[in-house]
Amino acid sequence: MTATAPAAEATVRKSSPGAARGPRRTGRLRRVGLPYLLLLPALLLELLVHLVPMVIGIAMSFKELTQFSIRDWSTAPWAGLGNYSVSVDFDAPVGKALLHSFLVTVAFTVLSVGLCWLIGTAAAVFMQDTFRGRGLLRALFLVPYALPVYAAVITWVFMFQHDNGLVNHVLHDQLGLTDKPSFWLIGDNSFVALLTVSVWKGWPFAFLIVMAGLQNIPRELYEAAALDGAGMVQQLCRITLPSLRPVNQVLVLVLFLWTFNDFNTPYVLFGKSAPEAADLISVHIYQASFVTWNFGTGSAMSVLLLLFLLVVTGVYLALTSRGRRTAQ
């Protein structure tokens, strides 16, 4: 009797395959759906924090939204493309100021990203050799990146003071490189001051990323190149830089987006009203929105900035992916 029971159960299972498929399908659905279920809170938070304000900002750009209608912005008069036409009218004061701010931001971004990459790469290559105190020096290099932005920039504000700042004390009093103490937070020198602070706090990130990328290059390549008579410069151009190309492509894109959208550095360094020479577009849009209370025009400028960054990012990714396919 007991011997025939398992055989009977097997016969029942074979005769009813749907009963076996049911639990299998349920388990498969659970395995497939569980990752999406776990991602659902993060997706909802992303929707609320980023996408919803973005849609609201785009809607605001089509309205005549000023301090008189901000209390109930949904009832503000419809402006259509009027805010956009005002922003891109480069013969009018608003468009001319926006174009100047855009050009200043482009020059600032190119110089800052280039210097950050150059200094970070040079420091990372230098740190590849083993020497006493390398770990301590690596930690010191990362201090500007680890410091809070406000604390670091406020320190630079005190250093750039005209009368008792450290920069003028070193350049004028100690080294005698200038005829008189310079104004660093106003006038044309404000661009140099902003670039200095941006590079100082940005190059450690490039150093960290490049240093991580260098760990994936086999040391045997350098040893073989040294045996073939390749010097340091040849090894850098033939081995290091080509091997770091995927890392540098991502690094340059991230630095570009961070620098072009940087608001904290100029705002803490100069306050609400940045000098004309350091009028970055992020601060310019802030002034157009929250100083002059013209939120419709400020929203239109933000949308134009978003479109520009999307186009530049798309072109950059297309060119870099084409370069990778050509190299392969």
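- Cluster membership for Val153 and Phe183, using ILVMFWY side-chain heavy atoms within less than 4.5 angstrom, is not shared.
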**Message:** As a quick check of understanding, evaluate side chain to side chain contact (heavy atoms under 4.5 Å, CB included) for Met127 and Phe141, giving each step before the final call.
**Reply:** CA-CA 11 Å; Met127 286 294 171; Phe141 281 174; 3.2 Å; yes
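- A donor-acceptor pair is defined here as one N or O able to donate and one able to accept, closer than 3.5 Å; such a pair exists between the side chain of Gln234 and the backbone of Gly231.
- Contact record, Cys116 with Ala206: O-CB, 3.5 Å, taken as the closest heavy-atom pair.
- Applying the 6.0 Å contact sphere to CD of Gln235 captures more than 12 heavy atoms from other residues, nucleotides or ligands.
- Side-chain atoms of Ser243 never come within 3.5 Å of backbone atoms of Ile217 as a donor-acceptor pair (strictly under, hydrogens ignored).
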**Verdict with supporting geometry, Met232 and Leu236, side chain to side chain contact (heavy atoms under 4.5 Å, CB included)** = CA-CA 6 Å; Met232 183 180 299; Leu236 179 66; 5.7 Å; no
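- Ile186 is not connected to Leu195 by any chain of hydrophobic side-chain contacts under 4.5 Å among Ile, Leu, Val, Met, Phe, Trp and Tyr, and they are in different clusters.
- To the nearest 0.5 angstrom, Leu306 atom CG is 10.5 Å from Ser61 atom OG.
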Would you be so kind as to tabulate the donor-acceptor pairs closer than 3.5 Å made by side chains of residues 165-177, with sequence neighbours excluded?
from, atom 1, to, atom 2, distance (Å)
Asn168, OD1, Ser182, N, 3.2
Asn168, OD1, Trp184, NE1, 2.9
Asn168, ND2, Gln161, O, 3.4
Asn168, ND2, His162, O, 3.1
Asn168, ND2, Ser182, O, 2.9
His169, ND1, Asp173, OD2, 3.2
His169, NE2, Gln174, NE2, 3.0
His172, ND1, Thr178, O, 2.9

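- Taking the centre of each ring, Phe256 and Tyr316 stay at or above the 6.0 Å mark.
- The backbone N or O of Gly187 lies less than 3.5 Å from a partner atom in the side chain of Ser190, making a donor-acceptor pair.
- Side-chain contact check for Arg134 versus Gln128: every heavy-atom pair is 4.5 Å or farther apart.
- Using a 4.5 Å cut-off on side-chain heavy atoms (C-beta onward), His100 and Glu276 make contact.
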**Item:** Residue pair Phe191, Val104: steps toward the side chain to side chain contact (heavy atoms under 4.5 Å, CB included) verdict
**Value:** CA-CA 9 Å; Phe191 183 85; Val104 170; 4.3 Å; yes
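- For the pair Thr320 (side chain) and Leu317 (backbone), a donor-acceptor distance under 3.5 Å is present.
- Looking at heavy atoms from C-beta onward, Ser87 lies in side-chain contact with Leu304 at the 4.5 angstrom threshold.
- Contact detail for Thr259 and Ser198: the closest heavy-atom pair is CG2-OG, 4.3 Å.
- Rounding to the nearest 0.5 Å places CD of Glu46 at 11.0 Å from CG of Leu44.
- Residues Phe290 and Phe295 bring their aromatic ring centres within 6.0 Å.
- A donor-acceptor contact shorter than 3.5 Å links the side chain of Thr292 to the backbone of Ala288.
- A distance of 13.0 Å separates OG1 in Thr240 from CZ in Arg245, rounded to the nearest 0.5 Å.
- Within the 4.5 Å cutoff, no side-chain heavy atoms of Phe207 are placed close to those of Tyr145.
- Proximity of a side-chain donor or acceptor of Ser101 to a complementary backbone N or O of Ala97 within less than 3.5 Å is not detected.
- With Leu251 as reference, Val210 is the one residue of Leu244, Val113, Val210 to meet the side chain to side chain contact (heavy atoms under 4.5 Å, CB included) rule.
- Hydrophobic clustering (ILVMFWY, side-chain heavy atoms < 4.5 Å, transitive): Leu255 and Val110 are in one cluster.
- Taking the side chain as every heavy atom from C-beta outward, Glu64 and Trp78 never approach each other to under 4.5 Å.
- The backbone N or O of Ala318 sits less than 3.5 Å from a side-chain atom of Ser321, completing a donor-acceptor pair.
- Between Tyr84 and Thr297, the closest side-chain pair of non-hydrogen atoms is not below 4.5 Å.
- Hydrophobic clustering keeps Leu140 apart from Met211 (ILVMFWY residues linked when any side-chain heavy atoms are closer than 4.5 Å, directly or through intermediates).
- Here the side chains of Leu280 and Leu194 are in contact, with some heavy-atom distance below 4.5 Å.
- Expressed to the nearest 0.5 Å, how far CD1 of Ile58 lies from OG of Ser299 amounts to 10.0 Å.
- Using modelled atom types, no side-chain atom of Thr121 and backbone atom of Leu118 make a donor-acceptor pair closer than 3.5 Å.
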Tabulate below the donor-acceptor pairs under 3.5 Å that side-chain atoms of residues 260-269 make, not counting sequence neighbours, or state none.
from, atom 1, to, atom 2, distance (Å)
Asn261, ND2, Leu257, O, 3.2
Asp262, OD1, Asn264, N, 3.4
Asp262, OD2, Thr265, OG1, 2.8
Asn264, OD1, Tyr150, OH, 3.4
Thr265, OG1, Lys201, NZ, 3.3

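- Residues Phe102 and Leu305 fail the side-chain proximity criterion, which asks for heavy atoms closer than 4.5 Å.
- Remark: aromatic rings of Phe205 and Trp203 are distant, center separation not under 6.0 Å.
- Atom CZ of Phe158 sits in a sparse spot, with 12 or fewer heavy atoms from other residues, nucleotides or ligands closer than 6.0 Å.
- The heavy-atom pair separating Pro204 from Pro144 by the smallest distance is CG-CB, 3.9 Å.
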**Message:** With side chain to side chain contact (heavy atoms under 4.5 Å, CB included) as the criterion, how do Leu98 and Met301 come out once you've worked through the C-alpha distance, each side chain's angles and the decisive distance to 0.1 Å?
**Reply:** CA-CA 8 Å; Leu98 181 63; Met301 293 178 182; 4.0 Å; yes
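- Asn83 places no side-chain N or O within donor-acceptor distance of the main-chain N or O of Gly298, the cut-off being under 3.5 Å.
- Atom CG of Leu65 and atom CG of Asn294 lie 8.5 Å apart (nearest 0.5 Å).
- The line from CG of Leu45 to CG of Leu40 is 11.0 Å long, rounded to the nearest 0.5 Å.
- The two residues Lys272 and Val283 make their nearest non-hydrogen contact at O-CG1, 4.0 Å.
- For CZ of Arg238, the number of neighbouring non-hydrogen atoms (other residues, nucleotides, ligands) closer than 6.0 Å is 12 at most.
- Grouping the Ile, Leu, Val, Met, Phe, Trp and Tyr side chains by contacts below 4.5 angstrom, directly or via other members, places Leu310 with Val88.
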